[in-house]
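What follows is a single structure, written as C-alpha cells, with notes after it.
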Amino acid sequence: MHSVHYELIKVCPTTGARLGRLHTPHGVFETPMFMPVGTQATVKTISPEELYDMESQIILANTYHLFLRPGHELVRTAGGLHKFMNYKRGMLTDSGGFQVFSLSAMRKIEEAGVTFRSHIDGSKRFLSPEIATEVQEALGADIAMAFDECIPYPADYEYAKTSTERTSRWARRCLEVHTGNNQSLFGIVQGGMYPDLRRLSAEKLSQMDFAGYGIGGLSVGEPKPLMYEVLAETTQHLPASKARYLMGVGTPDCMAEAVALGVDMFDCVFPTRVARNGTAMVPTGRLVVRNAVYTEDFRPIDESCTCYTCRNYSRAYIRHLFHCKETFALRLLSIHNLHFLLDFAKQMRLSIASDRFPAFKNDFMLNYRI
RNA sequence: GUGGCUGUGGUGAAGUGGUUAACACGGCGGAUUGUGGCUCCGUUACUCGUGGGUUCGAUCCCCACCAGUCACC
C-alpha cells in the first residue's frame, strides 16, 4: 500500500463525478479538491493559518523553483517542506518538467533529461527523472510528480508521439529510483490532443504502480471543448482505484466539467494570479475590482460570500488599495479567490454526496460567464 | 516697479511655417489555467495660455494682454 492512497466513496449516478478521500501522511483529504499553488514554498501573500481558515487541504510547491533557490539540500536540512514553511496539512510537489519548458529561455531535451538555463541567473542546469525524483524526496511533500514533458499546443502527431513515449519511459525511471517512505509518486499522462496517444499513455502508466495519476498537457491554449474531449478520452483509461489530478486547471467551469468526467484533484495559479491583478472570482464570472464603476461601491466583492475579505471590506476600499499599489489589496483578493474555489470544490463534494451534482453543475453554468 | 525666461492632454515633457501633434507616466478597458506581485494588448490632445496680426496656410513668426518663474529694486 502506498503512503498516499485514494478511497472512492461514490460515483454520481448520471455523470462520472466521484466523491472520494485521499489518505496521506498529513491527513485525510476530501475530493474533488482544489489545491492552492505555493510555488516558492508559500502561497503568495497568504499565511498557513489563513489557509486553514479557508479549509485548504493539500497545497502545491514547485520543484523547479526550489531546486534553483534555495536548493533542495537546504530544504532537506530544514526538515522538509512542511517544517520549512510551517504548513501542517498535505503537500504536493510538481516535478519541474512544466517549468523547464515554460520558464527557461533555452533548453535542450534528450533521453537522459533536460538541460536548461535558470530564469534567475541564466546558469546552465540539468534535470532528469532521477534528479527530479531525488529533489522531490529532499523536499519531502506527501505527493511527488513524475518528471514529464508538457507538449505545447498545437503539436504535430509525430512530435506528440515521440514526446509521449519518452515521458512514459521517464515515468518508469522515476518509479525505479523513488524510495520515499512517507511520499508517494504520481505518474503523468500526456499525449497531446490525440485520442490514441492519450489512451496509449494512460494505459502505459496504469501498468506502472503509481499512487495516482496526473493528467498533463491540457489547458495549454486549446479550445475548451477540445480539452473536455481529450480529458474524457484520458480518464476512461485510468484505474478507478487511483486519484486523477488534472494539472493546471482551476476555473470553476473547467473544474465542473472535469469532475463530471471523473477528475478528483486540481491546482491552478489562476485564482491567486488574477487576484494580484485586481480580478475577483464570483459566481457570475469575474469582477474586475480595479474598474472605475466600483469607485463608490461599498458592497463586498460578493454579498453571498463568507470569506474574511467579504465580511470586512468593500469593493471601493479594495479598488482604492489597488490603485495605490498597496500590498494588502493582493492579500484581500487572494483570500477571496482561494476561498471561492475551495468552497466551489466543497459544494461539488456536497452535491455528489446528495446525488444532485448534475443540477448543481447546470445551475452554476447558467449563471457563469466567460 | 524694472529686466530676463517660460506658457503643448491628468503629470513630465518632444516637436515643425503645410497630410491624422512624438514619447513616458497616469487614467480607462482587456488578457492571465502544473505562478515573475511580472508582463502583454487596446484606448486616452477636433488641439498647442488669451486676443489680434503677418501668411495661401500658424502650435511654430510679430504685437498686446494674462499667468508662472528668476534676478534686481
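Each chain gets a letter, A, B and so on, in the order its sequence line appears, and its residues count up from 1.
Side-chain heavy atoms closer than 4.5 Å link hydrophobic residues (I, L, V, M, F, W, Y) into clusters, and following such links, even through other members, never connects A:V37 to A:F98. If you chain together hydrophobic residues whose side chains sit under 4.5 Å apart, A:F186 and A:L127 never meet in one group. Linking ILVMFWY residues whenever their side-chain heavy atoms come closer than 4.5 Å, directly or via other members, leaves A:L60 and A:F210 in distinct clusters. Grouping the Ile, Leu, Val, Met, Phe, Trp and Tyr side chains by contacts below 4.5 angstrom, directly or via other members, places A:I335 with A:V274.
Nucleotide B:G36 holds its C1' atom 15 Å from the CG atom of A:D121, rounded to whole Å. For A:Y228 and B:U33, the OH to C1' distance is 11 Å, given to the nearest whole Å. For A:Q40 and B:C38, the CD to P distance is 14 Å, given to the nearest whole Å. Atom pair A:L333:CG and B:U32:P shows a separation of 17 Å (rounding to whole Å applied). When the P atom of B:U33 is taken as reference, atom CG of A:L341 falls 14 Å away, rounded to whole Å. To the nearest angstrom, C1' of B:G34 lies 7 Å from CG of A:L60. Distance A:K44 NZ to B:U33 C1': 16 Å, rounded to the nearest Å. B:G34 atom P lies 10 Å from atom NE2 of A:H65, rounded to whole Å.
Residues A:I318 and A:H336 fail the side-chain proximity criterion, which asks for heavy atoms closer than 4.5 Å. Using a 4.5 Å heavy-atom cutoff, the side chains of A:R89 and A:H26 are not in contact. Between A:F126 and A:S128, the closest side-chain pair of non-hydrogen atoms falls below 4.5 Å.
Within the cation-pi definition used here (under 6.0 Å to the ring centroid, within 45° of the axis), A:R21 does not qualify as a partner of A:F29.
Comparing the same atom, C1', in B:U47 and in B:G7 gives a spacing of 15 Å after rounding to whole Å. Distance check on atom C1': B:C70 versus B:C25 gives 28 Å, rounded to whole Å. For B:A71 and B:G29, the P atoms lie 45 Å apart once the distance is rounded to whole Å. Across the P atoms, B:G57 and B:G1 are found 38 Å apart, a figure rounded to whole Å. When the C1' atom is used for both B:A24 and B:U8, the distance is 15 Å, rounded to whole Å. B:C28 and B:U19 are spaced 29 Å apart, taking the C1' atom of each and rounding to whole Å. Rounded to the nearest Å, the gap between the C1' atom of B:G53 and that of B:G30 is 50 Å. Rounded to whole Å, the C1' atom of B:A13 lies 31 Å from the corresponding atom of B:C72.
Side-chain atoms of A:D196 and A:Y157 include a donor-acceptor pair closer than 3.5 Å. With no hydrogens or angles considered, no side-chain donor-acceptor pair links A:T164 and A:Q190 at under 3.5 Å.
Ion pairing between a basic and an acidic side chain is recognised when a charged N comes within 4.0 Å of a carboxylate O; A:K161 and A:E165 show such pairing. The pair A:E111-A:R166 fails the salt-bridge criterion, with no side-chain N (NZ, NE, NH1 or NH2) lying under 4.0 Å from an Asp/Glu carboxylate O.
Of the residues in residues 231-248 of chain A, those with a non-hydrogen atom less than 4.0 angstrom from any atom of RNA chain B are A:M247, A:G248. Less than 4.0 Å separates RNA chain B from at least one heavy atom of each of the following residues of residues 188-198 of chain A: A:I188, A:Q190. Listed in residue order, the members of residues 82-98 of chain A having a heavy atom less than 4.0 Å from RNA chain B are A:D94, A:S95, A:F98.
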- Item | Residue pair A:Y87, A:S56: steps toward the side-chain hydrogen bond (donor to acceptor under 3.5 Å, both in side chains) verdict | CA-CA 11 Å; A:Y87 188 73; A:S56 154; 2.9 Å; yes
- Output field dot_bracket for RNA chain B (Watson-Crick or G-U, both distances under 3.5 Å, | for other-strand pairs) contains ((((((((.[[[..)..(....]]]((((((.......))))))....[[[[[..)....]]]]]))))))).
Got a list of side-chain donor-acceptor pairs under 3.5 Å for residues 254-264 of chain A, not counting sequence neighbours?
residue, atom, partner, partner atom, Å
A:E257, OE1, A:K361, NZ, 3.3
A:D264, OD1, A:Y6, OH, 3.3
A:D264, OD1, A:R18, NE, 3.0
A:D264, OD2, A:R18, NH2, 2.8
A:D264, OD2, A:R244, N, 2.8

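Under the 3.5 Å distance criterion, the side-chain polar atoms of A:T279 are left unmatched by any main-chain donor or acceptor of A:V288. A donor-acceptor pair under 3.5 Å is formed between the side chain of A:T63 and the backbone N or O of A:D94.
Between A:V274 and A:T327, the residue anchored closer to the 5' end of RNA chain B is A:V274, taking for each the nucleotide with the nearest heavy atom.
Residue A:R273 has a polar side-chain atom (N or O) positioned under 4.0 Å from OP1 or OP2 of B:U33.
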Can you tabulate the close N/O pairs, meaning under 3.5 Å, that link protein atoms to atoms of nucleotides 28-31 of chain B?
residue, atom, partner, partner atom, Å
B:C28, OP1, A:R319, NH2, 2.3
B:G29, OP1, A:A292, N, 2.5
B:G29, OP2, A:N291, OD1, 3.3
B:G30, OP1, A:N291, ND2, 3.4
B:G30, OP2, A:N291, OD1, 3.1
B:G30, OP2, A:N291, ND2, 3.0

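Rounding to the nearest 0.5 angstrom, the gap separating the NZ atom in A:K10 from the CG atom in A:L8 is 11.0 Å.
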